[in-house]
Amino acid sequence: MSTLIRSEAVAFYAARVRAELAGVDPDVLDELTDGLAADLTEALLDGMPQDADPAAYLTDLAVEDVDARFGSPRDYASELAAAADVVVPAPEGAGRPRRGLRAALADTRAGLRADREAFVARHGWMQTSLEFLHSLRPLWWVARGWGLYILAFALIGRRLVHARHQFLPGELLGWVVLLGLVIASVQVGRHGLWRNAGWRRSLLRLVGVATAVSALVGVVALTSVATTDHAAQSWQSYEQGLQERENGVFIDGRPASNLFVYDPEGRPVDGARILDQDGRPVLLGMPEYAQETWGYVGNSGQWFGDSFPSALLPGGGDLHQYPYRYVPNSSLDTDVEGDITLAPNVTIPPTEWPEDSLPALPGLRSDSGHDEDSAASTSAPDDVP
Amino acid sequence: MDNSQLLKGVLDVAVLAVVRREDSYGYDVVRSLRAAGLTEVGDASVYGTLRRLYANGSLTSYVVPSEEGPNRKYYGVTSQGRTALAHQAKQWSEFAGTMSDLLVDAEA
């Protein structure tokens with residue numbers, strides 16, 4: 001008996017039975033329902049009237065006829081599964097889409113990873129450079145320890161240690177701390193830390209990024225410090241201070257720290273006072289500025305090189321009297337009220353003149369009279385502050 | 001108690017016995033069982049049983065091409081299936097004997 005003729009109704013019935021078993025493992029499902037349509041057709045043909053034409057009979061079959069013969073597809077499916085000891089997974093309404101999303105994400109991740117590996121494999125140079133970077137990891141561990149030091153200092157150490165030691169320690173304690181952090185970082189790199197914990201690993205990564213940034217900042221800062229001319233820089237800040245105060249005497253763009261007056265005979269004039277056209281005293285740096293830098297000096301900073309105009313001391317004279325007598329910082333002291341004084345038993349060193357004497361200028365005399373050839377102004381200044 | 005309840009317990013044995021007699025495909029087995037007198041057996045139960053016996057190794061399967069219809073998957077008994085069948089057949093006849101003795105007065 002030929003079963004080549006397909007019955008639409010039978011095919012539909014078989015399809016519904018398969019649908020009832022959706023969720024079952026595909027291989028198992030195939031084994032269960034492979035010959036289903038053929039079996040159903042054959043069963044139907046068995047029940048066919050004797051003189052009927054098989055082809056016509058099959059094509060004339062209605063869906064209800066098939067259902068009546070074999071029962072509902074759902075019942076058929078459950079009987080089939082029960083006899084086969086197959087568990088049909090219950091369809092979850094909201095669960096299935098969620099499983100699909102998770103599966104889709106897993107597939108995407110697997111696909112991306114496979115793509116990346118394939119890409120790297122194709123470009124051999126990338127593989128070797130990755131290996132090179134990998135071998136540099138110990139260097140990263142050291143840098144990380146240093147970055148931690150910088151971070152720690154930035155957060156807590158500013159009040160404890162001078163700002164100069166922001167990137168490199170200046171005293172023993174700082175070095176000990178830096179060394180400890182570097183060692184800790186290397187050990188963590190070698191052995192790992194909290195390999196499995198979720199949030200702790202993310203925190204560690206965050207710290208890693210922060211230390212990397214601070215280490216980078218430290219490298220930049222240190223290289224810029226190492227490559228600058230300190231003398232020029234201190235002049236620059238002094239100069240900047242002067243420019244901000246709009247005071248000072250500049251020769252070829254460089255500020256003067258002292259002025260020396262010689263009379264027409266070429267003899268040094270000690271304690272000369274110099275005024276400008278408005279009678280204002282010529283100052284090399286304002287006293288207020290000096291007051292500020294005195295605070296700086298108190299913190300073992302420096303100003304005017306290593307010394308300090310004696311005019312700033314009580315009873316030391318005027319700041320527009322030249323030449324300044326410079327007192328080294330080591331000779332300075334603080335009295336009970338916190339003012340600066342000369343340390344006891346210290347004398348102010350004599351000032352060294354750049355020239356003992358200058359050649360006498362022709363046509364000028366040392367007495368108070370002026371020659372008419374002189375280009376100097378003859379009128380006295382209007383006011384002397 | 002109708003036969004269907006009884007059948008559930010012995011379908012394995014019945015199917016094995018049919019297939020042992022002759023390699024058969026799905027509906028073939030149904031037909032054989034019906035012809036032997038088990039008219040209550042459901043098609044789906046037979047097909048499911050065939051698959052279960054195949055899964056646990058009592059049956060093997062192969063595809064036979066056919067010109068009259070689609071290719072059919074035929075089942076045959078394995079040596080394991082033969083052993084299981086012999087064992088269960090022995091158990092069944094013992095059981096049948098026990099039940100018969102038990103019920104000898106019931107029909108009267």
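Predicted model only: the values in this text are computed from it and were never measured. Numbered from 1 within each chain, the chains take letters A, B, ... in sequence-line order.
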Worksheet item: Any residues in residues 51-59 of chain B near chain A, with a heavy-atom distance under 4.5 Å, and which are they?
Response: Arg51(B), Arg52(B), Tyr54(B)
Response to the item:
Leu85(B) meets the side chain to side chain contact (heavy atoms under 4.5 Å, CB included) criterion, sequence neighbours left out, with Val13(B), Leu16(B), Ala17(B), Arg20(B)
Worksheet entry | By side chain to side chain contact (heavy atoms under 4.5 Å, CB included) - contacts of Glu8(A) (at least two apart) | none
Fill in: Residue pair Ala44(B) / Ala83(A): nearest heavy atoms and the distance that separates them
O-CB, 4.2 Å
Worksheet, complete the sentence: Arg21(B) meets the salt bridge (charged side-chain N to carboxylate O under 4.0 Å, His left out) criterion, sequence neighbours left out, with none
Worksheet item: Among Gly35(A), Ala77(A), Ala84(A), who wins on heavy-atom pairs under 4.5 Å with chain B?
Response: Ala84(A)
Practice prompt. Verify the distance criterion only: is there a donor paired with an acceptor across the side chains of Tyr47(B) and Glu79(A) at less than 3.5 Å?
Written response: no
Item to complete: Report yes or no: do Tyr27(B) and Asp46(A) form a side-chain donor-acceptor pair below 3.5 Å?
Response: yes
Worksheet, complete the sentence: Distance col, row Leu40(A):CG vs Asp43(B):CG, nearest 0.5 angstrom, shows 7.5 Å
Response to the item:
So CG of Leu50(B) and CD of Glu31(A): to nearest 0.5 Å the spacing works out to 11.5 Å
Practice prompt. Let me know if Val86(A) has heavy atoms under 4.5 Å from chain B in its side chain, its backbone, both or neither.
Written response: side chain
Practice prompt. Could you look at Asp85(A) and say if it's the side chain, the backbone, both or neither that has a heavy atom under 4.5 Å from chain B?
Written response: both
Fill in: Atom CZ of Arg82(B): over 12 foreign heavy atoms under 6.0 Å
yes
